[in-house]
Protein chains: 2
Amino acid sequence: MGTREQIVDAANRLFYQQGFEATSFAAIAEAVGISRGNFYYHFKTKDEILQAVIEARLASTRQMLAEWAGDSADPLVRVRRFIEIVITNRGDIERYGCPVGTLTNELAKLDHPARAHAVGVFELFRAWLCEQFEELGADTQADDLAMHVLAFSQGVATLSNAFHDSDFVSREAYRINTWLTERLPSHTAADGAR
Amino acid sequence: MGTREQIVDAANRLFYQQGFEATSFAAIAEAVGISRGNFYYHFKTKDEILQAVIEARLASTRQMLAEWAGDSADPLVRVRRFIEIVITNRGDIERYGCPVGTLTNELAKLDHPARAHAVGVFELFRAWLCEQFEELGADTQADDLAMHVLAFSQGVATLSNAFHDSDFVSREAYRINTWLTERLPSHTAADGAR
DNA sequence: GTCTATATCGGGATAGAC
DNA sequence: GTCTATCCCGATATAGAC
């Protein structure tokens, strides 16, 4: 892996764990194992590296969503796959929150020009979920349902981060899986919440 | 209003709008109209003023919840009063997010000792909502329902902040009000979602 | 209680040698 | 491409006059 990629990788992680503003160039350089001076050969400003981090997140999200689409032919299973994230990543979420929601909010408070770019990750999830609901036959309200599932993930992430309560996460995941089943009665009970 | 109170008031607002770390002493001093030097007569460190801000938020939250409790004898109406916040404060939420969720997450990322103190505001809402659900007869799962309503508020706040979509907020508020009615069928349809 | 002046530190950013 | 050395600025924090 080239130095530039290592920098983006370390910055990605540190921006998530410490926040964008709280992460210094020195911390990133140290994490990669290069000098601060070398840093500036790859990135001129802090905004440049933020942009690179956001692009990396957009790319990895696109890839993940494409993989999920390939994992199952059933859109309902795919939506459940999304819901699963809050369980799979509960450790990181308890410590740092959702990487998407926390970054977009920080950039909103900073009135940072890259805010809209960061919201793009949300837009990928939203559009992907919307497609799943459209395939499930919820044509007019597909986007509404997509936003509801997204809201679930953000509510769970914020409270899980505040209260450090894994059981709460499980209960909410179970609840929305049930909601999903009731909402789409065209599917059999075998697809129900687990 | 004394100088100290003015400082806490300005810091409270700026911490919300810009974030804790991004807010400098100079900005607070300027907002109040005093010099930076005078500032240190009232607060020795930034952590001291953070503590004062959190205490102010705890106090104002307690007062607000007490007022809500006095507004109606029906616990269901009181819960709906909580849900209304996301509508009433939608302008600020779109710009800055939820003051409670965004601060607790920022302090989590900073690994700041005051994090637990800030979570106290969430605990006030949680306990208050829990009481309402207990009065509604949901004894064993009252806290679960309280957390679900809290999660609603955080999910809506984060996405409203990202997408700047007021209609989404209204739809989600309507949705959880409906959920509330269906969840507690002991009440008449006249209490239903509006 | 409030001010000006100043110390000290860490951050982003640059210059230039290797 | 990577390094050391350095500049500049803004931030926290202190000292001391009024």
Side-chain angles (χ1 to χ4, degrees), chain A residues 1-56 96 102-103 106-115 117-118, chain B residues 1-56 102-103 106-107 109-115 117-118:
Chain A
M1 189 161 59
T3 303
R4 195 196 142 94
E5 287 165 293
Q6 284 182 47
I7 291 174
V8 174
D9 199 54
N12 193 347
R13 188 164 32 80
L14 289 170
F15 286 176
Y16 175 40
Q17 296 173 345
Q18 309 183 342
F20 167 66
E21 240 218 326
T23 301
S24 66
F25 280 13
I28 303 171
E30 192 190 8
V32 178
I34 60 173
S35 70
R36 269 164 299 162
N38 186 7
F39 196 99
Y40 285 87
Y41 173 79
H42 300 278
F43 295 97
K44 268 72 180 166
T45 67
K46 202 177 181 182
D47 288 358
E48 263 185 41
I49 186 168
L50 173 61
Q51 195 183 355
V53 165
I54 292 173
E55 267 153 25
Y96 316 115
T102 57
L103 180 63
E106 182 180 1
L107 297 181
K109 291 197 194 240
L110 295 175
D111 203 17
H112 196 288
R115 192 197 73 88
H117 196 196
Chain B
M1 190 162 57
T3 304
R4 195 196 143 95
E5 287 165 293
Q6 284 184 48
I7 291 175
V8 174
D9 198 57
N12 192 348
R13 189 165 30 81
L14 288 170
F15 286 176
Y16 175 41
Q17 296 174 345
Q18 310 182 342
F20 167 66
E21 240 217 326
T23 301
S24 66
F25 281 12
I28 303 172
E30 193 190 7
V32 177
I34 60 172
S35 69
R36 268 164 299 163
N38 186 6
F39 196 98
Y40 284 88
Y41 173 78
H42 300 280
F43 294 97
K44 266 73 182 167
T45 69
K46 203 178 182 182
D47 288 357
E48 263 185 42
I49 186 169
L50 173 62
Q51 195 183 355
V53 165
I54 293 173
E55 267 153 26
T102 58
L103 180 63
E106 182 180 1
L107 297 182
K109 292 198 194 237
L110 295 175
D111 203 17
H112 197 288
R115 192 197 73 87
H117 196 196

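Convention: sequence-line order gives letters A, B, ...; per-chain numbering from 1.
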* Protein-nucleotide distance (A:Ile34, atom CD1; D:dT4, atom P), rounded to Å -> 11 Å
* To do: Spell out, as yes or no, whether a donor-acceptor pair under 3.5 Å connects the side chain of A:Glu5 to the backbone of A:Met1.
  => no
* Asked: Can a side chain N or O of B:Asn38 be found less than 4.0 Å away from OP1 or OP2 on C:dC3?
  -> yes
* **Side-chain donor or acceptor of A:Lys109 paired with backbone N/O of B:Phe20 under 3.5 Å** => no
* Asked: B:Phe39 has an atom CZ; how far is it from atom C1' of C:dT4, in whole Å?
  -> 17 Å
* Rounded to the nearest Å, what distance is computed from the CD atom of residue A:Gln6 to the C1' atom of nucleotide D:dG1? -> 13 Å
* **Interatomic distance where CZ belongs to B:Phe43 and C1' belongs to C:dG1 [whole Å]** => 14 Å
* Asked: Is the CZ atom of A:Arg36 crowded by more than 12 outside heavy atoms at less than 6.0 Å?
  -> no
* **ring-ring contact (aromatic ring centres under 6.0 Å, His included) partners for B:Tyr40, two or more places apart** => B:Phe25
* Asked: Is A:Glu48 close to A:His42 at the side-chain level, that is, under 4.5 Å between some pair of heavy atoms?
  -> no
* To do: May I ask you to test the A:Phe43-A:Leu50 pair for a side-chain heavy-atom distance under 4.5 Å?
  => no
* Structure fact -> With the side chain defined as heavy atoms from C-beta on, B:Tyr41 is closest, among C:dC3, C:dG1, D:dG1, to C:dG1
* **Per-nucleotide protein contact string for nucleotides 7-13 of chain C (B base, S sugar-phosphate only, - none; heavy atom under 4.0 Å)** => ----SSB
